[in-house]
Trainee: 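Can you read through this structure? Questions will come right after.
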Amino acid sequence: MSDARDSGLPAGYEPETVEARRRALWEEQRLFTPDLDADAAAGVFSIVIPPPNVTGNLHMGHALNLTLQDILCRHQRRLGRQVLWVPGEDHAGIATQNVVERRLKEEGTGRHALGREAFVGRVWQWKEEYGNNIRRQIKAMGASVDWSRERFTLDEGLSRAVRRVFVRLYDEGLIYRGLYIVNWCSRCRTALADDEVEHRTLRGTLSFVRYPLEDGSGHITVATTRPETMLGDTAVAVHPEDGRYRDMVGKKARLPLLDRLLPIVADPYVDRDFGTGALKVTPAHAPEDWRLGGKHGLECIQVIDEDGKINNNGGGYAGLSREKARERIVADLREGGFLEETRPCEHNVGHCYRCGSVIEPLPSMQWFVAVKPLAEKARAAVPEQTRIFPSSWVKTYYAWLDNIRDWCISRQIWWGHRIPAWTCDACGALIVREDAPPRCPECAGSGLTQDSDVLDTWFSSALWPFSTLGWPDDTPEMRRFYPTSVLVTGFDILFFWVARMLMMGLHFTGEAPFRHCYIHALVRDAQGKKMSKSSGNVIDPLRMIERYGTDALRFTLAAFAAMGRDIRLSEERIEGSRHFMNKLWNAARFALMNADGAPAPPGPDAVRGLHHRWMLYRMEDLKTQQGAALDEYRFNDAAQGLYKFVWGEFCDWYLELIKPELRGEGRPLAQAVLFAVLRETLVLLHPFIPFITSELWDALPGRDAVRDIALTPFPAPRDVAGYAEDAGRMELLQGAITAVRTIRAELNIPPSRKAAALIRPRDAAAQNLFEEQREVFTALAGLAELRIDPAAEAPRASASAVSGGNEIIVPLAGLVDFAAEAARLDKELAKLGKERAVLAAKLTNPAFVEKAPAEIVERDRARTAELEQAEAKLNVFRDIFLG
RNA sequence: AGGCGCGUAGCUCAGGGGUAGAGCACUUCCUUGACACGGAAGGGGUCAGCAGUUCGAGACUGCUCGUGCCUACCA
């Protein structure tokens, strides 16, 4: 006890310094690289990180995603599993290319000026700079990933996996090339997959346009929101059973402005109730019209080019932008008397998910994956091979796979995996193979031109769980860690990514790539809008880290992560978590101030005091709760349980309870239990808040003998069955202490005035309890004197309460405020009376007594008796009191 | 148009057939040798509305209202 005041720690928790130190240590120690030569008898656990965009910055969604994965990994590690968490980044084709193109534009140049090779070089350069950024941010979050296995989707290894998959699918007939209508972004100048199109509801104008019939017998009126596409109309369609148009089917209508003759066809697709029930058909610029065109053998006339301008098929409108052409055409129609009316209308318009431009459907030669066979397998794998949490997403997942259409995988950009297909300049043969062929296998010509397109980013992402582990090679990582244990991600990429990983994983490895898929919330902004890379409404987690510390942020996110619900993050909550960190820090400081070397763990028989037993009992409860919560991905329950234990039980009660002991002969036992509980608490907290727990762990006495906390096993269960009774007695004691405090607070008895109190215990056992705990009782209740006597008479001028059947009396000689005490008693009586009335209503109901479980009825009876007794006692006090 | 979710304390959110919870905010008291990023004690809720199931409903069912998101071939 030489210097009991020195804990060796600063008086407040300082996250910046601690985090910097811990990060550096983790970096050196390589704790998170699993040893493949070691056996993994206790099981393995693996996760592949959802690879963030290389050029991106960490946003709150990443912070949540990383936190949850890290909690799982650290938890599994302390359970003894061999854990691999693979980090990496995604090249994010269009997004990254756009960023670099924007930069080039600022420099007054462009990608075409640079040429393909130089441009791709620039993007790599950009990646080298900003890839470090995202890497640093992952580290800032404290993610226990294995940096020695970091991967990037454009790495040679992963690129080889991409080529292998492409060629195999091509050979199997599951990849094909063809001219189809695709979603075209004229800003990015590339095709997009269906799910890369964002639909937004816009207010537009529905124009009713009159198409005269060729035979002069009248006209047919169509309604359209895109009058400019009429330049490409090649038919008018009506419903076959629509009486209004039955006579017109088979006739021809004359397209205004261009004078083209359009057949009038019948098709059940047409909605009779929309507009006029007559649909203008533009096969080149509307997906459904394309389908109709094929079905009815219609001509396909493209009138909008890849830049979004009217092309030469558009007659006098050629060269105009879509928007300009629309204005001119409407004006011309009106002038020519073809425009019947215009009406405001709301409609859905597709936008590019990367740049926000309006999508133009147009026919284009593209590569596709025939996904149906793959989708069937992916559907069947859930839930048998892969369980989705929460299961409410299963329905959505099925619905998407059931309606899936072929996946357009070619992109007309330069940043990405180039399609491994070559065309022979001489004979035109198409050659698909993993490596560049030296000459044409058909004609032996040596002039071969590689397809200039690259693959959709999600094509390589779909292979991520196995490409990162070394596939197609048979690697030790593949053998040990595939399939991965769980995939943790947000539902916004359920289709882009999760479903496709399942398709590819099942097809190429025969196994679903992950056993569990945990879908977490989206972190939304204050308006409830989702935060995303491209919409620019991100809240910077790094600022929260600066302000409150990483652990505070992590703890908050975990506490918010209730399954299936979105998060609207509030800064106040993060601040609250910071206070929690400080609380923990100071509790540990207190322990260290009272340490004399490293105390041995308490032997079960040595634990005598009821508060020690109570504390250990509560600790066991916490352990089971933690294990169960994390097994079921109930992060919020786990976090909340830890919070309540640390603050509400360990700090508020236990530390206060042992303070008197630490000054006396109870010191060794108190130290032993204190440190046992503190150690285990730190281990339990560690997955959530790794920085502060590591720091405190290393400050514990006897640390040389101890492992790094990240590798310290989950605390073994302690047999506390024999402590149950004492744990119950402890609650009685707490109740009595609280009763005294309440009286003092409500009657404004200043703490400086050390009051006396009288307890009339309800029975001999209670009397024993209070006698035994006299010292703690007086200390915690702030008493100068405590009398315990079942027969004692209460002085008239006193305040009183009943807790657990024990009567607590605080004499108020001299300073009693009669009115206040009377009011207090009345309030208490009213509360008890209300509760008793509720119970009485139940117990007098024969149906309740008859049908409710016996234990419930019994419990309510007992509680009623207790209430009656308490009321009787309080009434006695009240009567004495009022004279 | 379908699908999914949400409406619980002033605010942000947990919970979930058996007497309503947390953080922040609020009120009163307290510089007590871990912590004022603290302590003690309080106030505050017909758990959106209506019906049903049940001995018992914030909780389960249906409907209504409000609100958010996802999907979609309504031109």
Trainee: By the definition ring pair (Phe, Tyr, Trp, His ring centres under 6.0 Å), identify the one residue from Tyr397(A), Trp400(A), Trp407(A) that meets it with Phe495(A).
Mentor: Trp400(A)
Trainee: If you measure from the C1' atom in U12(B) to the same atom in C55(B), how many Å do you get, rounded?
Mentor: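 Those two atoms are separated by 37 Å.
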Trainee: Describe the nucleic acid contact of Lys834(A) in one word from base, sugar-phosphate, nothing, applying a heavy-atom distance below 4.0 Å.
Mentor: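 If one applies the 4.0 Å heavy-atom cut-off, Lys834(A) turns out to touch nothing in the nucleic acid.
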Trainee: Could you tell me how far apart Gln640(A) (CD) and G15(B) (P) are, to the nearest whole angstrom?
Mentor: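 Checked: the CD to P distance equals 8 Å.
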Trainee: Looking only at side-chain N and O atoms, does Lys583(A) come under 4.0 Å of OP1 or OP2 in G39(B)?
Mentor: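 Answer yes for this pair, as a side-chain N or O of Lys583(A) is under 4.0 Å from OP1 or OP2.
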Trainee: When you check the phosphate oxygens OP1 and OP2 of C30(B), does a side-chain N or O of Arg744(A) lie under 4.0 Å from one of them?
Mentor: no
Trainee: Does Glu775(A) come within less than 4.0 Å of Arg663(A), counting only side-chain N to carboxylate O?
Mentor: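 Salt bridge between Glu775(A) and Arg663(A), a charged N being under 4.0 Å from a carboxylate O: no.
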Trainee: With sugar-phosphate meaning primed atoms plus P, OP1 and OP2, does Glu575(A) contact a base, only sugar-phosphate, or nothing at under 4.0 Å between heavy atoms?
Mentor: nothing
Trainee: Under 4.0 Å between a side-chain N/O of Lys395(A) and OP1 or OP2 of U71(B), yes or no?
Mentor: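 No, outside the criterion.
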Trainee: Does any donor-acceptor pair link the side chain of Asn594(A) with the base of A34(B) at a separation under 3.5 Å?
Mentor: no
Trainee: Under the 3.5 Å rule, do the base of A40(B) and the side chain of Glu746(A) count as making a donor-acceptor pair?
Mentor: no
Trainee: For C11(B), which nucleotide is its Watson-Crick or G-U wobble mate, given both distances must be under 3.5 Å?
Mentor: G23(B)
Trainee: May I ask which nucleotide in the shown strands pairs with G16(B), Watson-Crick or G-U wobble, both distances under 3.5 Å?
Mentor: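 Check on G16(B): unpaired, no WC or wobble geometry under 3.5 Å.
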Trainee: Return the value, rounded to whole Å, for the distance between atom CH2 of Trp647(A) and atom C1' of G38(B).
Mentor: 8 Å
